[in-house]
Amino acid sequence: LTEEADKIGLKFSKKLTGQSEQPPRWKKCVGAATGSLSNAVGSLYVSKYFDENSKSTAQEMVTEIRKQFEKMLDNVDWMDYETKEKAKVKARGMVAHIGYPSELLDMKKLEDLYDGIELSSDDYFGNGLNMTVFGTNYAYSKLR
């Protein structure tokens, strides 16, 4: 963006958040990429830093906790049979969100998600507009 556009943005941010100076350029660029391409950035992060064994271990722990919970339900005397069964159904229906969603490592899903978006290494403003259109279209597609 031009220096004048940056000044307008800073003036707006100062009124809105109290921010009195522009962050370094690299920080703005990283923030824009992370905010606009969060799934792609998340995929890169998970691929590089997340230990798959830790996720498996945590999933096994959750499975075992759930089994033990059901055994405990069988032994409580303050619940009737019907209530215990409802509690078991509810426990089985709980979803464990551990580490990251598996879709982050599914390149086909990521490619499908970002299909049609056009970005350029030398057009920050145009990329911002394209991401806005992309995000709006994506949100509308979920309404249909």
Side-chain angles (χ1 to χ4, degrees), residues 1 5-6 8-144:
L1 298 176
D6 274 344
I8 293 169
L10 181 59
K11 190 175 179 182
F12 178 73
S13 292
K14 187 172 184 176
K15 292 283 186 189
L16 195 63
T17 66
Q19 176 185 352
S20 59
E21 60 183 45
Q22 288 283 10
R25 184 178 178 91
W26 72 266
K27 218 174 212 182
K28 285 172 48 176
C29 293
V30 168
T34 303
S36 299
L37 302 167
S38 57
N39 290 309
V41 172
S43 178
L44 291 170
Y45 179 85
V46 166
S47 296
K48 185 168 183 173
Y49 295 108
F50 203 87
D51 178 14
E52 189 61 37
N53 292 330
S54 296
K55 183 174 181 174
S56 312
T57 301
Q59 286 172 326
E60 289 170 16
M61 287 172 58
V62 169
T63 300
E64 190 58 33
I65 290 168
R66 193 172 281 137
K67 284 180 191 174
Q68 292 304 316
F69 177 74
E70 288 194 30
K71 285 182 185 178
M72 288 170 54
L73 281 174
D74 289 333
N75 295 322
V76 297
D77 56 3
W78 54 271
M79 283 182 160
D80 63 21
Y81 176 80
E82 185 180 327
T83 304
K84 288 178 185 181
E85 290 305 307
K86 285 182 181 178
K88 287 178 183 179
V89 168
K90 193 170 188 175
R92 290 180 199 129
M94 290 191 308
V95 177
H97 297 283
I98 298 171
Y100 59 89
S102 58
E103 292 84 4
L104 276 184
L105 296 180
D106 185 335
M107 289 303 125
K108 175 72 173 117
K109 286 187 179 181
L110 285 173
E111 288 170 5
D112 290 347
L113 174 65
Y114 292 116
D115 185 45
I117 191 163
E118 293 192 28
L119 300 173
S120 169
S121 62
D122 62 352
D123 188 5
Y124 180 82
F125 184 74
N127 290 342
L129 290 176
N130 288 344
M131 287 306 303
T132 299
V133 170
F134 172 79
T136 302
N137 289 341
Y138 179 79
Y140 283 148
S141 76
K142 295 299 175 187
L143 295 175
R144 296 179 187 141

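For the single chain, residues carry numbers from 1 onward in sequence order. Given the structure is predicted, the values throughout are model-derived calculations rather than measurements. Note that these values count all heavy atoms, side chains included, but never hydrogens, waters or copies made by symmetry.
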List the atom pairs, donor and acceptor, that lie under 3.5 Å between side-chain atoms in residues 36-45 and the rest of the protein, sequence neighbours left out.
{"unit_1": "Ser36", "atom_1": "OG", "unit_2": "Ala32", "atom_2": "O", "d": "3.0"}
{"unit_1": "Ser43", "atom_1": "OG", "unit_2": "Leu104", "atom_2": "O", "d": "2.7"}

- Query: When rounded to the nearest 0.5 angstrom, what distance separates OG1 in Thr17 from NZ in Lys15?
  - Reply: 12.0 Å
- Item | Taking every non-hydrogen atom, the tightest pair across Glu118 and Asn127 | O-OD1, 4.2 Å
- Within 6.0 angstrom of Tyr114 OH, more than 12 heavy atoms from elsewhere: yes
- Message: Could you work out, with side-chain hydrogen bond (donor to acceptor under 3.5 Å, both in side chains) as the rule, every residue matching Gln22, not counting sequence neighbours?
- Response: none
- Qualifying residues under side-chain hydrogen bond (donor to acceptor under 3.5 Å, both in side chains), relative to Ser13, sequence neighbours excluded: none
- Message: To check you understand the geometry: which heavy-atom pair defines the closest contact between Leu113 and Phe134, and what is its length?
- Response: O-CZ, 3.1 Å
- Message: Suppose we screen for side-chain hydrogen bond (donor to acceptor under 3.5 Å, both in side chains). Which residues come up paired with Lys108, at least two apart in sequence or across chains?
- Response: Asp112
- Item | Counterpart residues, salt bridge (Lys or Arg N to Asp or Glu O under 4.0 Å), relative to Asp74 (two or more places apart) | Lys88
- Item | Partners meeting side-chain hydrogen bond (donor to acceptor under 3.5 Å, both in side chains) with Asp51 (sequence neighbours left out) | Ser54
- Across all chains, not counting sequence neighbours, the side chain to side chain contact (heavy atoms under 4.5 Å, CB included) partners of Ala96 are Val62, Ile98
- Query: Any sub-3.5 Å donor-acceptor pair from Asn75's side-chain atoms to Lys71's backbone N or O?
  - Reply: yes
- Check the surroundings of atom CE in Met79: do more than 12 heavy atoms from other residues, nucleotides or ligands lie under 6.0 Å from it? yes
- Around atom CE of Met107, are there more than 12 heavy atoms of other residues, nucleotides or ligands at under 6.0 Å? yes
- Message: Give me each pair satisfying ring-ring contact (aromatic ring centres under 6.0 Å, His included) with a member in residues 8-40, each pair once, sequence neighbours excluded.
- Response: none
- Measure the spacing between CZ of Phe125 and CG of Asn130 and express it to the nearest 0.5 Å. 10.5 Å
- Task: State whether the side chain of Lys84 and the backbone N or O of Val76 hold a donor-acceptor pair below 3.5 Å, judged by distance alone.
- Result: yes
- So with a 6.0 Å cut-off around CD of Glu21, is the heavy-atom count from everything else above 12? no
- Task: Output every pair passing ring-ring contact (aromatic ring centres under 6.0 Å, His included) with a member in residues 78-104, not counting sequence neighbours, ordered by first then second residue.
- Result: Phe50-Tyr100
- Query: Does Asp6 have any salt bridge (Lys or Arg N to Asp or Glu O under 4.0 Å) partners at least two apart in sequence or in another chain, and if so, which?
  - Reply: Lys28
- Value for CD (Gln19) from CG (Leu10), rounded to nearest 0.5 Å, stands at 6.0 Å
- Note on the structure: Hits for salt bridge (Lys or Arg N to Asp or Glu O under 4.0 Å) against Glu82, two or more places apart or cross-chain, chain-then-number order -> Lys86
- Query: What are the two closest heavy atoms between Lys55 and Pro101, and how far apart are they?
  - Reply: NZ-C, 4.5 Å
- Message: Strictly by side-chain hydrogen bond (donor to acceptor under 3.5 Å, both in side chains), give each pair with a member in residues 59-70 just once, sequence neighbours left out.
- Response: Glu64-Gln68, Glu70-Arg92
- Message: Measuring from atom OG1 of Thr83 to atom CD of Glu85, what distance do you get when rounded to the nearest 0.5 angstrom?
- Response: 10.0 Å
